Amino acid sequence: MRQPKIVIVGAGLVGGSAALFVASTIPSAEIVIIDMARVRAEGQVLDLAHAATFWGHNRFHAGEYDDARNADIIVITAGVGVKPGQTRLDIAKTNAEIACEILDRTAPLAPDAIYVVATNPCDVLAGAVFDRLGCDRQRVISTGTSLDTGRLRALLSERLGVVASAIHAYVLGEHGESALIAWSGATVCGMTLDMFLSRSGKELGPASRDLILRSVHEAAKLIKEGKGSTHYGIASAIARICEAIVHNTDLILTVGVVHAEVEGVADVCLSLPMVINGNGAQLLAYPALDETEREALLRSAHIMKEATDRVLTDQ
Ligand code: NAD
């Protein structure tokens, strides 16, 4: 079997951590790390090669764009980060230019690659990459709210005293301020959330639900206050996305693609529960939402659409 080739562009904290998680999740993968600061990519590769001696046989190398030839997956983690006082949307133009430059350098060499965009604002950037690439919708994936959903499940697990894998609850919409929780479809141990609450005697009222949403929104800020940046969570999500593509696993995660239409808004990138496999990410079934959730999703879709259109007009 051909060795899967995964190219990570951006050798910062997110890119380096993603390489580590991808390597441990897909031990057969060849991992190429590219960065405008070549020395940074080389440093990551050396450190990772030493780490990998303890568990496997990964091939890492620091590359130039030529090394993206025939890549199966191109992960974009290059760009500037969100500074205190900024939102993810404030860095859209700069990072969209970087993402499009990466696309221009890699697409001719890897025409069949699936793109995974983690650089923020990831939904807007995936929209810009998709617009420029003009490929199947499923082949440009924003990491979207995969991480937010992980954060939600961690919070609910703690609150309900149930392992996260028994909780199916999703954060939808923008990876950012307008994200929403689809409470109405949440299930715990195979029961609707409300049934689980009434049978277990636990409570999760409107104030607690609002607090959980705020905690999901503010998780990145909290982590940054403590350690300066967030990278393990998103790196883990990137690895799971790559694994689902390479091993064709039909994994369900909340990631974004440019949907033909969401709540009446056309061609917009935001997250819904998507099936991920060797073809990329696809929506199999539109989620059942109540009226409040649909309104919140519509609002998020408008925000994403406007932010993406602004970036596309500026280019
Ligand atoms: P970082 O500053 O540590 O690394 C960014 C890297 O990108 C640097 O090594 C830099 O040299 C490189 N780079 C910049 N411009 C480039 C270009 N034109 N070509 C090639 N390389 C270039 O930042 P980080 O902490 O790794 O974060 C990277 C991005 O990931 C940020 O946008 C951050 O907001 C985002 N992020 C996303 C999520 C998510 O859930 N989607 C979570 C955490 C961080």
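We count ligands from 1, going down the list as the structure has it; atoms in each ligand are counted the same way. In this text the structure is predicted, and so the values were computed from the model without any measurement.
When atom types are taken as modelled, the side chain of His61 and the backbone of Ile31 share no donor-acceptor pair closer than 3.5 angstrom. A donor-acceptor pair under 3.5 Å links the side-chain atoms of Lys5 to the main chain of Arg69, judged by distance alone. Ser146 contributes no side-chain N or O that, together with a main-chain N or O of Leu253, makes up a donor-acceptor pair within less than 3.5 Å.
No more than 12 heavy atoms of other residues, nucleotides or ligands lie within 6.0 Å of CZ in Arg199, so this atom counts as exposed by the packing criterion.
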List the atom pairs, donor and acceptor, that lie under 3.5 Å between side-chain atoms in residues 232-244 and the rest of the protein, sequence neighbours left out.
residue : atom : partner : partner atom : Å
Arg240  : NH1  : Glu243  : OE1          : 2.7

Once you restrict both partners to nitrogen or oxygen, which atoms of ligand 1 have a protein partner under 3.5 Å, and how far apart are they?
residue  : atom   : partner : partner atom : Å
ligand 1 : 3 (O)  : Leu13   : N            : 3.1
ligand 1 : 3 (O)  : Arg40   : NH2          : 3.4
ligand 1 : 7 (O)  : Gly79   : N            : 3.3
ligand 1 : 9 (O)  : Asp35   : OD1          : 3.4
ligand 1 : 9 (O)  : Asp35   : OD2          : 2.6
ligand 1 : 9 (O)  : Arg40   : NH1          : 2.9
ligand 1 : 11 (O) : Asp35   : OD1          : 2.6
ligand 1 : 21 (N) : Met36   : N            : 3.2
ligand 1 : 26 (O) : Leu13   : N            : 3.1
ligand 1 : 26 (O) : Val14   : N            : 2.8
ligand 1 : 32 (O) : Val80   : O            : 3.0
ligand 1 : 32 (O) : Asn120  : N            : 3.2
ligand 1 : 34 (O) : Asn120  : ND2          : 3.1
ligand 1 : 36 (N) : Asn120  : ND2          : 3.4
ligand 1 : 40 (O) : His175  : NE2          : 3.0
ligand 1 : 41 (N) : Ala118  : O            : 2.9
ligand 1 : 41 (N) : Thr143  : OG1          : 3.4

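The structure places CG of Asp67 at 8.5 Å from CD of Glu30, a figure rounded to the nearest 0.5 Å.
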